[in-house]
Amino acid sequence: MIETYLLHLFIIACLYVILTTSLNLAIGYTGLLNLGHIAFYAIGAYTSSLLALNFGVPFWIGALAGATLAAIVGYLLSYPTIKLKGDYLALGTLGFSIIVESVLKNWVSLTRGPLGLPGIPKPSIFGFAIDTIPKYALFGLILAVLVYIVLEIVVRSPFGRVLQAIRDDEMAAKTLGKDTFNAKAKALALSAFIAAIGGSYYAHYVTFIDPTFFSILETILIFSMVIVGGTASMLGSVAGAVLLTLLPEPLRFLPFPSSIIGGMRQALYALLLVLVIRWRPQGLIGENTFKKFKNGVKR
Amino acid sequence: MKHAATILVLAILLVGCTATGNNVNEQDVITIGVISSFSGEMAVQGEHLEQGVTLAYEQLDRTALTHSYRLLFEDDAYKSDKTAAAYRKLHDIDGASAIIGSDSRSGNIVAPIAETDAILFCSVASDPAVVKGRKYVFKHWTTPEAEVASYLAVVEQQGWDRVIVLESVHPGVEAISDMIEKAARERGILLERHRFQSGDTDFRGTLAKLKNQDFDAFALFLMPNHLQTAGKQILEFGFEQPRTTIEMYDFIDDVSLFEGEWYIAPADPTGRFVASFTERYGEAPESVAPNGYDCLNLLVKAFEEGGTDPDDAMTVIRQLKDYQGAVGTLHYSGSLIEGGSIESPALKKMIVNGKRVLVE
Amino acid sequence: MSLTVKNLKRSFGGVEAVKNCSFKVKQGKITALIGPNGAGKTTVFNIITGIIRPDAGNITFKGEPLIVLQTHEIARLSIARTFQLLKLFPKLTCLENLMIAHPGKDEKMFDCFLKPKKIRAEDEAKRARALELLKVVDLERYKDEKAGNLSYGQQKLLDIARCLATEANLLLFDEPVAGVNPIVRERIKKLLKELKQQGKTILIIEHDMRFVMDLCDEIIVLDHGVEIATGTPAKIKKNKKVIEAYLGVDA
Amino acid sequence: MAVLSQLIANGLIAGSIYALMAAGFSMMFSIQRFMNIAHGATYVVGAFSAYLFAKIIGWPFWIAFPIAIAVATLLGILINHIVFEPLQKEKDKNLALLLASFGMFLLIESIILMIFGADVKSFGLPVERGMDILGAIITPLQLIIIITAPVVFIGIWLFLKKTLVGKALRATSDNTVIAATMGINIRAMTFISTGLGSALAGLAGILVALEQNLEHSMGMSAILKGLTAAIVGGIGNVPAAILGGYLIGLAENLGIWYLPSGYKDAISFVILIIFLLFRPQGFFGMKKREEVAE
């Protein structure tokens, strides 16, 4: 019965593929250091769960509603990007996700606060109930592949090229007649839309969510996956997501006392993050956004 | 180099799985899995649960048992996807026939999956949603009703009508304070609730607000780190009002700070359990340790008397009457058809020169 | 008259970079904006292209007021510029750098799904045109090379090529030949002359007097943020005020 | 009136800790130019080494605490040297440095968890009744915190303004390239600024550990508040960061007068976002001219 264990890991890997590729659209392609990505994930998860629990709304309507709401929030979040750049934008968006988290924790009448939302129904799309692990794994696969293809097309399209121009030098793009604010807002809205879909996908799988899902540690995890995979490469984000989902798992099988294993898992994961950044900053697959590219061309 | 790392990880994973998987088909070994957080915010609760469960496991009288038992621990770092992964590993690879969970959060995640896989799940959790409508899930927690009732009885006895609640933002605490607020309102007692996030350890702002208000007592539903700081800051502020709580003084080892305060807690753990625990670990049992101890013994009792079939084992649990547990005499109150919890009476205790003393 | 600047004022803290500066740029001519360092030349450039807001004064291009518009709106009125400090897109290839600049409408996010064929055709056209321009500046063999990896001279040429790709009528070049070797300098001069034949209006900032005197039809001289002289190269050479500004008072 | 003075007192106590963190953070930022989350780990290491020396080994406070601060300082310098310095050479280094500092923070936090275990520890000092000063109840220990912080800040101010090294530090933070041409050893400056910054964090950790208690996960909220204070005050400008710390401390404590206490974190981050949007250079910082092609 090992397959169900591996299928579960596969379902989680699909979730993180959805989250990392959508985040990479913002960091790797548009150059927006968005540490608030987790807030979109939370909006998606909570909206579809609350709609399903309170009004019996079917999954795909709830998911789309959550995704649209997140897209609107994403669009609004692009206004600060006019003023804030780099580290400041990172801090501002981090502040945004912490505020969303504390609202989820304290608005008890809506979200039951720390008690979370148990009993979220399993999704059924057009009558096809997705209630077993293998079915969910298939659903995850379809979703992840769809998201990857959509994003790959967008980043390779002329619009994607404009996003990369904005990442490289927004001022220059403006003097070439590009409405950079509009492009950034659309990219952020799409990134938020997809992250929210990931939120609904996961909430209806694990049937229980609570504010601790959406803490800073989750943000760092997704960020590390994008960096380890390599920014500005959608395939890199997929690899980063798969690798960092699988990596901590073998630790379970090591015969250490459980009190040590807890700390060790986090230590190992943090060590990997620092090692990759230190010695292979361009990530496993990504192109070298960090290092100067020297390949014999007259410099 | 690109894919080397991924392949390497997959290799370790598969080797790991097969290594532990193979000795499961040994005839007649029942595996009991324990899922708790040994890292992250709630690591302290995981440690206490592990102590209780391990002590019970070591004290099993191997000769009298028809089956042999294996105990495995999994850490979920208080994160939900890790809880689900821990369950999958314990069930799918180690073939666990029963799971012990340490809090409401992991309870709410594991309960639905354990129900579909038809394996026993004993959750040390206060949130009733964990057991609602489920056949193979039972809770080992003094249902808050008992504790709330006796707490409010003492409040009325003292003639108080306004109590200030300081509570940590935590699922277990939320369940109790929701219930006590409702019950208090019915009895005309005013409860004012103040919530504190886990990172926030400064209560002085709220205490300043309460300085010139007249109220009768504090109710401290606070996790260990909050409890120590709040207790100290209340004294520093010179408040005279008593600092009461439900269970929380059992969760910290040094109670000298709360000398003379009374509180409500599940029945005093029987002398035998406390003695063997202190002798084994060199410190008194805290928080969920006694619950962990009972859960392991109850599961073994269910499998010994009911056999490995989950339904038969559950019938043993459901017929539990006057069982001498570490938390006192237990009986199963299956108010709900399937879900139910092992009830143990709640008692009034007091801290007298640093010791927890049973009052009545 | 294509571009008219009237009573432009702009100061940074106490420093008055541009003090009541006015001048006109003739249509279809190559005009140079010269003056000692700190005369406010680049500040004027940045105001024209909307990067900086002026404190006072206004600019009109073919009758359209510019200072109310944002940078990208000004660019859409077919005004293009290069920067003194080379602002190419380093991680994009030379070809991509040129394909970004095009006179057409802004790229829409979902077009690649709604009208894939149309977009692919348009992209091919942009690619062909970009290749053409790379040939003009003789950078064709670097078409798939990342712009960041080119030499300084090559990047200067690419910057100019990108400016042409916008097919703008008014081209503003900020020190196009600064620090460039003579061969590339000549190639740029030839290029600017060809653009004039095509009817473009060119305004350049340049310190290389020989280059300016040889190439430009009209010269505007700025000093301490004020326009002190305008005229043909010959007239400017003899103008006393210009000599004073450049060579100091006791000349 | 008494309540107001109490809230102000609470604000000062919390503000002193935030100011210490913000000052240390800002001092490092002025030279290294990136948001160093590992600064929070130095804070935790300061607290736990003090606990180790004073409570477990049992040295008297006046020996244990300076050594604990030294340990924190050493750790800060070591991390900077091994992890951050090589990364400074990369082209787009902001993201890499930010994440590497997150990584180091998590690594140190989990190592402390493994060594000291998870349960809450405290110095177990006897509880003293608070003294009534101008209507506010303040315990002697809290008084020490309120006094130590300004004394330390004056010390730093004098060091920065009066001593040669201090001037060199300020020059380097103003313009690293020019400072280098003037013959200032930039590497030494980074060592000094990191060392000083980490010492401040260590001190803050010890004060909080004495006044409240210790937990392996106490670092995250400390660094986030320190970061917010440094930005709100004026990033890279040490005196401004100190005032930013007091500002955040007071705002939080006065804020929860109206809002439920659960929203305390939200208050400081709402302030942060308002400042980031409308006054990114912070309360006291100068308006940084955008690098336009001037």
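The figures that follow rest on heavy atoms only: side chains count, while hydrogens, waters and symmetry mates do not. Letters A, B, ... are given to chains in the order of the sequence lines, protein chains preceding strands, and every chain is numbered from 1.
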Which heavy atom of C/Glu107 sits nearest a heavy atom of A/Lys178, and at what distance? OE1-NZ, 3.3 Å

A/Phe159 and C/Asp111, any side-chain heavy atoms less than 4.5 Å apart: no

Measure across A/Ser157 and C/Cys112 and return the closest heavy-atom pair with its distance rounded to 0.1 Å. CB-CB, 3.6 Å

Taking it one step at a time, do A/Lys174 and C/Gln70 satisfy side chain to side chain contact (heavy atoms under 4.5 Å, CB included)? CA-CA 9 Å; A/Lys174 276 189 183 159; C/Gln70 291 194 344; over 6 Å; no

Closest heavy-atom pair and its distance - C/Leu88, A/Asp169: O-CB, 4.1 Å

Roughly how far, to the nearest 0.5 Å, is CD1 of C/Ile100 from CD1 of A/Ile166? 8.5 Å

Would you say C/Phe110 and A/Val154 make side-chain contact, with heavy atoms under 4.5 Å? no

Interface check, chain A: of C/Thr166, C/Leu92, C/Ile74, most non-hydrogen pairs under 4.5 Å belong to C/Leu92

With a 4.0 Å cut-off, would you call A/Arg161 and C/Asp123 a salt bridge? yes

Over all heavy atoms of both residues, which pair between C/Phe83 and A/Thr175 is shortest? Give the atoms and the distance, please. CZ-CG2, 3.6 Å

Answer yes or no: are there more than 12 heavy-atom neighbours, outside C/Ile183 itself, under 6.0 Å from its atom CD1? no

Below 4.5 Å, heavy-atom pairs only: which of A/Ala183, A/Ala173, A/Ala187 has the largest tally toward chain C? A/Ala173

Greatest number of heavy atom pairs closer than 4.5 Å to chain A - which of C/Met109, C/Arg120, C/Arg76, C/Arg162: C/Met109

So for C/Lys108, is it side chain, backbone, both, or neither that comes closer than 4.5 Å to the heavy atoms of chain A? both

Test your reading of the model: is there a side-chain donor-acceptor pair from C/Asp106 to the backbone of A/Asp179, 3.5 Å cut-off? yes

Can you find a pair of side-chain heavy atoms, one from A/Met171 and one from C/Ile51, that are under 4.5 Å apart? yes

A/Ala172 to C/Phe89 - nearest heavy-atom pair and separation: CB-CE2, 3.8 Å

